Amino acid sequence: MQSITLLGHKNMAQQIDDIELVWRSLATSIDTSGWRTIHIASAGSCALYAGMLFPGKEEALLANFSSSLMAPSEKLPEAQGFLVSRVEPNSDSKAWLALTRKPSGSVELFVSMVSDVIDAMRVEPHADEVRLLRIFLGRIRAWQEFMRKDIQTLSPEEEVGLVGELTMLQAIIEAGVPSAVAIEAWVGPFDGIQDFIIGSGAIEVKATLSLEGFPAKIGSLEQLDNSTLQPLFVSGARLRQIANGQSLPEFVEAIEQIIHGDMEAESLLSERLLAAGYFDVHADRYTRRFALSGLRILEVDEDFPRLTSGNVPVGVRRAMYEIDIDKLAGENIGTARALKKLGAI
């Protein structure tokens with residue numbers, strides 16, 4: 001293994017150029033098999049290497065951790081353009097993970113991903129190995145979700161949905177839930193059945209720009225099923241599109257300001273925004289401005305109109321349907337009371 005000082009405090013474009021330069025250098029090796037690596041950065045006690053596996057010359061980012069941290073049964077991320085695998089580039093006692101580009105994967109997208117993972121790991125310079133491993137895998141899983149969705153920018157409907165979820169996230173933090181706990185509970189970007197799994201239950205968020213009624217799409221029989229998670233709430237965020245409102249990037253910035261200085265929370269938020277399909281470099285594409293005109297939180301109980309696997313005819317396996325939240329008679333219990341019922345505050 002070679003070692004060079006490569007990645008200091010540089011912008012992403014410079015860092016990407018440097019990583020590509022190392023891979024080009026490795027590709028000229030006359031060796032015909034095995035790993036060729038160059039140490040390019042460190043994050044705490046974790047060393048990061050640009051690598052290339054011969055004879056296929058697949059580009060990779062390698063990271064080492066204590067062997068005791070790696071559960072053999074842990075499922076490692078894999079997507080259309082990359083995979084994560086356990087490797088043994090040398091005979092040391094470390095556990096090594098390699099993030100490797102598949103032949104079908106875009107080199108341009110992969111090098112952006114590698115640069116982003118390195119940056120995420122170096123945000124917390126004093127993090128222990130347990131935390132660094134979580135950051136490494138968490139960031140890659142966010143990219144896995146981003147690539148799975150295969151989107152460049154959010155659709156207008158997805159944009160409204162993300163604003164609604166950010167509005168709920170901010171309300172949860174302001175109600176007293178620690179920032180990192182609140183953001184980790186936000187599983188919607190990873191296609192969770194509900195948007196927030198928090199305390200003993202969950203919160204499903206719906207958002208609308210509709211001037212009449214509050215149409216809310218329910219994506220599955222499981223989404224409003226409280227037989228396994230209790231209590232379960234539906235949060236309805238009514239938005240208005242107005243000139244002096246906030247754009248999606250400004251809603252993101254508002255959360256970032258609230259959690260500023262909490263490195264774990266900042267890292268978790270960045271992961272979830274990426275998984276949701278939101279990229280900072282695309283911020284100028286989101287020009288619509290919104291204002292929250294009402295937030296209604298209802299508990300899903302026996303009187304709540306819904307379809308679940310327990311109340312549909314035998315043989316019905318899947319269903320998507322729509323409810324009108326405005327027509328529901330349940331009490332708006334508010335964020336703080338819902339969180340208390342959930343045991344989150």
Side-chain angles (χ1 to χ4, degrees), residues 157-177 181-241 245 251 254-255 272 276 290-312 316 318-345:
E157 183 178 2
E158 290 167 336
E159 180 185 7
V160 169
L162 183 53
V163 168
E165 291 179 35
L166 289 171
T167 298
M168 190 69 241
L169 175 60
Q170 182 170 339
I172 290 172
I173 294 172
E174 291 177 343
V177 177
V181 174
I183 298 169
E184 192 159 30
W186 181 26
V187 296
F190 292 100
D191 281 353
I193 295 174
Q194 292 88 23
D195 293 307
F196 290 86
I197 302 297
I198 185 166
S200 62
I203 302 173
E204 173 62 21
V205 181
K206 302 299 179 184
T208 189
L209 287 172
S210 176
L211 297 177
E212 294 185 9
F214 195 126
K217 294 179 181 178
I218 310 302
S220 69
L221 294 174
E222 294 75 31
Q223 197 167 77
L224 297 184
D225 187 349
N226 63 347
S227 62
T228 55
L229 282 175
Q230 293 181 354
L232 174 61
F233 298 93
V234 171
S235 170
R238 186 180 292 281
L239 304 173
R240 290 180 297 141
Q241 192 174 334
F251 276 94
I255 300 287
R272 276 147 178 77
F290 309 98
L292 179 67
S293 61
L295 183 65
R296 188 180 180 200
I297 301 180
L298 304 173
E299 185 169 359
V300 177
D301 57 21
E302 62 274 8
D303 296 323
F304 199 98
R306 59 198 166 127
L307 300 177
T308 70
S309 57
N311 66 14
V312 296
V316 176
R318 297 179 184 176
M320 296 178 63
Y321 58 102
E322 190 172 284
I323 62 175
D324 187 341
I325 293 177
D326 273 359
K327 295 187 182 301
L328 304 186
E331 176 191 5
N332 178 12
I333 70 170
T335 304
R337 194 168 151 202
L339 291 171
K340 287 178 181 177
K341 282 195 157 195
L342 288 160
I345 58 174

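Residues: numbered from 1 along the sequence shown. Worth saying up front: this structure is predicted, and the values here are computed from it rather than measured.
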Query raised in the report: So, for Ala344 and Val177, which heavy atoms are closest and what is the spacing to 0.1 Å?
Result: O-CG2, 3.9 Å
Query raised in the report: Is any side-chain heavy atom of Glu159 closer than 4.5 Å to a side-chain heavy atom of Phe290?
Result: yes
**Report entry** Least distance between heavy atoms, Ile297 atom then Gly334 atom
**Finding:** CD1-C, 3.7 Å
Query raised in the report: Between CG of Asn332 and CG of Leu298, what distance do you get to the nearest 0.5 Å?
Result: 6.5 Å
Requested in this report: Ignoring hydrogens and angles, tell me if any N or O in the side chain of Asp195 forms a donor-acceptor pair with the backbone of Val205 under 3.5 Å.
Outcome: yes
Report summary line: d(Ile203 CD1, Trp186 CH2) to nearest 0.5 Å is 13.5 Å
**Report entry** Contact list for residues 328-345, test salt bridge (Lys or Arg N to Asp or Glu O under 4.0 Å), sequence neighbours left out
**Finding:** Glu299-Lys341, Glu331-Arg337
Query - Leu339 side, atom CG; Ile333 side, atom CD1 - distance, nearest 0.5 Å - result: 9.0 Å
Query - Arg240 side chain to Leu209 backbone, donor-acceptor under 3.5 Å - result: no
Query raised in the report: Is there side-chain contact between Phe251 and Leu162, with at least one heavy-atom pair below 4.5 Å?
Result: no
Query - Nearest non-hydrogen partners of Ala185 and Ile198, listed with the distance - result: CB-CB, 3.9 Å
Query - Gln223 backbone acceptor or donor facing Arg306 side chain under 3.5 Å - result: no
Report task. Apply side-chain contact (heavy atoms from CB on, under 4.5 Å) to the pair Ser235 and Leu295, showing each step before the final yes or no. Result -> CA-CA 7 Å; Ser235 170; Leu295 183 65; 3.3 Å; yes
Report task. Sorted by first residue and then second, give each salt bridge (Lys or Arg N to Asp or Glu O under 4.0 Å) pair with at least one member in residues 206-228; sequence neighbours left out. Result -> Glu157-Lys217, Glu204-Lys206
Query raised in the report: Roughly how far, to the nearest 0.5 Å, is OG of Ser293 from CD of Gln241?
Result: 12.5 Å
Query raised in the report: Can you tell me how far the CD1 atom of Ile172 sits from the CG atom of Leu342, to the nearest 0.5 Å?
Result: 8.5 Å
Query raised in the report: How about Glu322 and Ile218: do any of their side-chain heavy atoms sit closer than 4.5 Å?
Result: no
Query raised in the report: Should Phe304 and Leu328 count as side-chain neighbours, where that means a heavy-atom distance under 4.5 Å?
Result: yes
Query raised in the report: Do you know the tightest heavy-atom contact between Pro215 and Asp324?
Result: N-OD1, 4.4 Å
Query raised in the report: Which salt bridge (Lys or Arg N to Asp or Glu O under 4.0 Å) pairs, counting each pair once, include a residue from residues 227-239, with sequence neighbours left out?
Result: Arg238-Asp326
Report task. Could you tell me whether the side chain of Thr308 reaches within less than 4.5 Å of the side chain of Ser227, counting heavy atoms only? Result -> no
**Report entry** Phe190 and Arg272: CA distance, side-chain angles, deciding distance, side-chain contact (heavy atoms from CB on, under 4.5 Å) verdict
**Finding:** CA-CA 8 Å; Phe190 292 100; Arg272 276 147 178 77; 3.8 Å; yes
Query raised in the report: Quick one: does Val163's side chain get under 4.5 Å of Leu239's, heavy atoms only?
Result: yes
Query raised in the report: Hey, what do you get for CZ (Arg296) to CZ (Phe233), rounding to the nearest 0.5 Å?
Result: 14.0 Å
Query raised in the report: Does any N or O in the side chain of Asn226 come within less than 3.5 Å of the main-chain N or O of Val300, such that one atom is a donor and the other an acceptor?
Result: yes
Query raised in the report: For the residue pair Leu292 and Ala237, what are the closest heavy atoms and their distance?
Result: CD1-CB, 4.0 Å
Query raised in the report: Are any side-chain N or O atoms of Gln170 and backbone N or O atoms of Leu166, one a donor and one an acceptor, separated by less than 3.5 Å?
Result: no
Query raised in the report: Where is the tightest heavy-atom contact between Ser200 and Leu229, given as atom of each residue plus distance?
Result: O-CD2, 3.8 Å
Query raised in the report: Any side-chain heavy-atom pair from Leu221 and Arg318 closer than 4.5 angstrom?
Result: no
